[in-house]
Amino acid sequence: MLNQLYKVYSTLKKEYCVEDWWPVYDGREPFTEISVGAILTQNTNWNNVEKALKHLISKDLITLESIKNADKKIIEELVKPAGFYKRKSETIKEFADRVYGRKNIDRELLLSIKGIGKETADSILLYALNKPVFVIDAYAKRLFSRLGYISEDISYDNLQSFFHKNLEKDVTLFQEYHAGIVEHCKSICKKKPLCENCPLKDFCKYKKQEISPTSQIHKQQEGF
DNA sequence: GGCCAGGACACCA
DNA sequence: TGGTGTCATGGC
């Protein structure tokens with residue numbers, strides 16, 4: 001299993017641009033920019049996030065201090081293209097208020113901020129703080145359940161520990177793996193994940209065992 | 001015009 | 001604990 005997971009990773013790495021994957025447009029305060037991007041990207045296309053981020057950058061609202069001191073209504077207007085703008089602007093404000101001036105930012109702190117759940121917190125930890133935490137998202141669940149390695153209704157925590165148990169805790173590995181999953185699902189996985197053109201078709205458990213994806217549910221612990 | 005996107009949360013049973 | 005409704009914009 002270990003080898004299999006690493007082989008999937010190296011295939012993704014070969015097929016897609018996964019290095020320095022999380023975009024930074026301004027760069028004055030990458031931690032803040034990445035964190036705000038993680039909040040804005042909740043259930044939203046990255047194109048919309050990019051617009052909102054560039055609006056914030058154009059008004060110099062891309063540092064913790066400037067966001068902390070900004071009027072919430074201004075933030076609302078700027079992040080509108082990313083959708084859910086009232087909730088997201090509130091979360092961004094609370095994030096800046098709570099994180100500004102702190103040296104130790106951990107998962108517990110991030111999860112205590114209204115509007116930041118596990119996926120967003122882990123994205124911040126992995127990409128903004130370079131902590132070895134595997135980010136689970138809808139794509140990861142979709143891809144690995146279709147490959148047959150996990151049940152499609154697996155919980156966030158179970159899928160995360162699946163990766164933590166089977167991979168070495170390495171920041172670059174986790175960053176690039178998640179990037180590869182996202183890029184793969186955005187391009188191919190959406191419709192026919194295991195079609196003839198799919199670079200991951202050789203890793204499909206169903207194909208090897210000739211089991212229909214809908215006829216068998218694999219439990220997280222089974223077979224690993 | 002409908003569907004979906006790199007979720008989170010409140011509410012209810 | 002799990003299911004459902006809500007939040008909202010923009011691209012295809």
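Labels below follow one simple rule: chain letters A, B, ... track the order of the sequence lines, proteins then strands, and each chain is numbered from 1.
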Distance, P atom - from B:dC4 to C:dG5, rounded to whole angstrom
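Each nucleotide's P atom is 15 Å from the other's.
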
Enumerate the residues from residues 108-122 of chain A whose closest heavy atom to DNA chain B is under 4.0 Å, giving them by residue number; use none for an empty result.
A:Ile113, A:Lys114, A:Gly115, A:Ile116, A:Gly117, A:Lys118, A:Glu119, A:Thr120

Given the rule that I, L, V, M, F, W and Y join up when any side-chain heavy atoms are under 4.5 Å apart, are A:Tyr25 and A:Ile62 in one cluster?
yes

Electrostatic pair A:Glu19-A:Lys13, nearest N-O below 4.0 angstrom
yes

Checking side-chain polar atoms at under 3.5 Å, does [X] have a donor or acceptor matched by the opposite partner on [Y]?
| X | Y | value |
| --- | --- | --- |
| A:Gln175 | A:Asn130 | yes |
| A:Tyr9 | A:Glu176 | yes |
| A:Tyr85 | A:Glu77 | no |
| A:Ser151 | A:Asp153 | yes |
| A:Thr44 | A:Lys88 | yes |
| A:Gln160 | A:Asp122 | yes |

Euclidean distance, atom [atom1] of residue [X] to atom [atom2] of [N] [Å, nearest integer]:
| X | N | atom1 | atom2 | result |
| --- | --- | --- | --- | --- |
| A:Leu78 | C:dT9 | CG | C1' | 15 Å |
| A:Tyr156 | B:dC9 | OH | P | 13 Å |
| A:Asn158 | C:dT1 | CG | C1' | 14 Å |
| A:Ile124 | B:dG7 | CD1 | P | 14 Å |

Taking only nitrogen or oxygen atoms into account, show me every contact under 3.5 Å that the protein makes with nucleotides 10-12 of chain C, one pair per line with its distance.
| residue | atom | partner | partner atom | Å |
| --- | --- | --- | --- | --- |
| C:dG10 | O4' | A:Asn48 | OD1 | 3.2 |
| C:dG10 | O4' | A:Asn48 | ND2 | 3.2 |
| C:dG10 | O3' | A:Lys51 | NZ | 3.3 |
| C:dG11 | OP1 | A:Lys51 | NZ | 2.5 |

Can you label the angle between the A:Phe144 ring and the A:Tyr177 ring as parallel, tilted or perpendicular, going by 30° and 60°?
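Aromatic pair A:Phe144/A:Tyr177 classed tilted.
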
Would you call the rings of A:Trp21 and A:His178 parallel, tilted or perpendicular, where under 30° means parallel and over 60° means perpendicular?
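Perpendicular: the ring planes of A:Trp21 and A:His178 meet at over 60°.
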
Are the side chain of A:Ser35 and the backbone of A:Glu33 linked by a donor-acceptor contact shorter than 3.5 Å?
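The answer is no, because no donor-acceptor pair under 3.5 Å joins these two groups.
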
Pairs under 3.5 Å (N/O, protein and nucleotides 2-7 of chain C):
none

B:dC4 phosphate, OP1 or OP2: any side-chain N/O from A:Arg142 under 4.0 angstrom?
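For A:Arg142, the contact criterion (side-chain N or O under 4.0 Å from OP1 or OP2 of B:dC4) is not met.
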
